[in-house]
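Notes to accompany the following structure.
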Amino acid sequence: MATLGWWRLFGAAFAGILFFHGFSSSEKAPNYTFMHNATSAPPTSYYDYIIVGGGTAGCPLAATLSQNYSVLLLERGGSPYGNPNITNLAAFGAALSDLSPTSPSQRFISEDGVINARARVLGGGSCLNAGFYTRASPYYVREVGWEGRLVNESYEWVEKVVAFQPPMQQWQSAVRDGLLEAGVTPYNGFTYDHLYGTKVGGTIFDRDGHRHTAADLLQYANPSGLTLLLHASVHRILFRIRGRSRPMAHGVVFTDSTGAKHRAYLKKGSNKEIIVSAGALGSPQLLMLSGVGPAEQLKAHNITVVLDQPMVGQGMTDNSMNAIYVPSPAPVEVSLIEVVGITNFGSYIEAASGSNFAGGSSRDFGMFSPKIGQLSTVPPKERTPEAIAKAVELMDSLNQTAFMGGFILEKIMGPVSTGHLELRTLNVNDNPSVTFNYFKDPIDLQRCVQGISTIERVIESKAFSKFTYDNLSLPDLLNMTENSPVNLLPKHQNASRSLEQFCKDTVMTIWHYHGGCQLGRVVDHDYKVLGVDALRVIDGSTFNYSPGTNPQATVMMLGRYMGLRILSETLAGDIS
């Protein structure tokens, strides 16, 4: 058995456990006749609907609207198909580690010092995430004001294509039983529904290890009604202002991969709209670049103010994740998130495991590789060649058993703490500045402490005893996690003595950030931008609160739901 110091070294591996080896081959691309590179687009074109962002909401929305109208779907990234780093469970995490300009993942670091990522690929975040699929609660649906029957139908429409029951092997079963021992009851079995207690949720990985994404929902599209352009970066929305009491969106300007500019306009007539589905960073950023946002900030960037809307970019929220790494003396299966404990105090408990999860070769340890992963985000003055060489040497010296185990995490419900987003530059391809203010509200910090305490009880449970070392105490595990490079925040010695400090020191993202174009503040209950005509925002930027234990199911549902709502409205208008 290794010494505690050796295990501290091993703790760095924790940062990359999300990135496992799997067992499937690359999925073939579908025959999407409507999918083209933006270089093939004409200089000017006209459509009934223009959707900015082919992500988790944009794909189901485009597929639905194409049934009756001409739709242009503009996606700044490329296709996920044929890319094994996206499609295969075997390569999960490789896309997040890819820092190249063509990566499907665009890294950003919040002003809080937490490393994060935004999608840059058709299918959006569903191409990058750990795959957990679960619905929002009925309470959430009522609070937002959605129509329950249509919500359920929209979820079912999504689930026919992308949702599966996970395999549930030894590690996940032990976590499930440990949660029940820890008092997270009752046991609700396998279900997509959001129920207090412990359950097995869905996954977007099928039994062969193939990822199914929001892009797969485009198989529902009417090929003659949809034009999908890849590598199309929308720089601004165009408005008609002269002679109008309210600005009216009527077109967009976008560039292709060569930098050539194109313009797309709405056709003449009523019920033609531009819909922004560019995500929690991209949607508020594009509104501001187009002149809709806080006037003072827009003027500071010499942007002509179309509408002074001070709430654009406000309410930015990220569900904080904290975890405890558990090295295992017994072999563990490769598993992503399959089980969740939904507590009554506002924290969700989940887990993942994998043998040799860190990466492929002894010199490339995935997300926490000294060369390309987490350590590459360390400030340059500290990232000397000597430091990198030493880190590589230390990684190389670890026995392969150092990379066997798993982690148990907790995610804060809500959360209550909020921040804001601001423009850095006028380039739509640059990340805006975003602050999430993790644990600013003491309610969130208390939820984290209770969540970590629950994880400790799971680790100490009889059901989980097979996967723990007798001579590694809970303080050892906490300190090991504390010493791993999971963020750019300063560390404190012996954080295990204070779970409040442990939560603050080891805060990470679970990529569930939302806000910036919130319902009731930037958009109305029909997702129309307040104060502007012919413009909606439909995506996670409209959320005031993160739905369920993972929002992707609800974001996909929202695309379908609002597509059906819009079809109903416009068809009724056409008939009248």
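Quick caveat, the model's predicted, so the values are computed rather than measured.
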- Task: Flag the pair Lys199 and Asp193 as a salt bridge only when some basic side-chain nitrogen lies within less than 4.0 angstrom of an acidic carboxylate oxygen.
- Result: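 The answer is no: the pair does not qualify as a salt bridge.
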Distance in Å, [X] [atom1] paired with [Y] [atom2], rounded so as to fall on 0.5 Å steps:
| X | Y | atom1 | atom2 | answer |
| --- | --- | --- | --- | --- |
| Glu147 | Arg142 | CD | CZ | 13.0 Å |
| Arg447 | Ser320 | CZ | OG | 10.0 Å |
| Asp539 | Cys517 | CG | SG | 7.0 Å |
| Thr418 | Asp318 | OG1 | CG | 12.5 Å |
| Met35 | Leu122 | CE | CG | 7.0 Å |

Can you see which heavy atom on [X] is nearest to which on [Y], and at what distance?
| X | Y | answer |
| --- | --- | --- |
| Val141 | Gly148 | CG1-CA, 4.4 Å |
| Val532 | Ala249 | CG1-N, 4.5 Å |
| Gly451 | Phe345 | N-CE1, 3.6 Å |
| Arg536 | Asp526 | NH1-O, 2.8 Å |
| Ala119 | Gly125 | CB-N, 3.5 Å |
| Gly279 | Pro284 | O-CD, 3.7 Å |

- Task: Decide yes or no on salt bridge (Lys or Arg N to Asp or Glu O under 4.0 Å) for Lys160 and Glu156, but give the supporting numbers first.
- Result: CA-CA 6 Å; Lys160 288 177 183 177; Glu156 290 167 2; over 6 Å; no
Testing the 3.5 Å rule here: is there a donor-acceptor pair between the side chains of [X] and [Y]?
| X | Y | value |
| --- | --- | --- |
| Gln67 | Asn222 | no |
| Ser347 | Gln450 | no |
| Thr570 | Lys272 | no |
| Arg560 | Thr64 | yes |
| Ser335 | Ser353 | yes |
| Asn550 | Thr134 | no |

- Task: Check the pair Asn431 / Gln106 against side chain to side chain donor-acceptor pair (under 3.5 Å), numbers first and verdict last.
- Result: CA-CA 8 Å; Asn431 289 318; Gln106 182 177 359; 3.2 Å; yes
- Among Asn129, Thr87, Thr203, whose side-chain hydrogen bond (donor to acceptor under 3.5 Å, both in side chains) with Arg211 holds?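 Among Asn129, Thr87, Thr203, the one that satisfies the side-chain hydrogen bond (donor to acceptor under 3.5 Å, both in side chains) with Arg211 is Asn129.
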- Message: I'd like to know whether Thr343 forms a side chain to side chain contact (heavy atoms under 4.5 Å, CB included) with Tyr196, so could you lay out the CA-CA distance, the side-chain angles of the two residues, the decisive distance to 0.1 Å, and finally the verdict.
- Response: CA-CA 6 Å; Thr343 71; Tyr196 284 103; over 6 Å; no
Under 6.0 Å between the ring centres of [X] and [Y]?
| X | Y | answer |
| --- | --- | --- |
| Trp171 | Phe464 | yes |
| Tyr133 | His212 | no |
| Tyr265 | His250 | yes |
| Phe108 | Tyr513 | yes |

- Derivation and outcome, salt bridge (Lys or Arg N to Asp or Glu O under 4.0 Å), residues Asp533 and Arg244: CA-CA 10 Å; Asp533 292 331; Arg244 297 187 56 84; 3.0 Å; yes
- Does the side chain to side chain contact (heavy atoms under 4.5 Å, CB included) test come out yes or no for Val184 and Leu180, once each step is laid out? CA-CA 5 Å; Val184 186; Leu180 295 173; 6.0 Å; no
- Item | Arg246 CZ: over 12 foreign heavy atoms closer than 6.0 Å |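 Buried by this count: over 12 neighbours within 6.0 Å.
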- Message: Students often mix this up, so state it plainly: with edges at 30° and 60°, are the rings of Tyr32 and Tyr81 parallel, tilted or perpendicular?
- Response: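 Geometry flag for Tyr81 against Tyr32: perpendicular rings.
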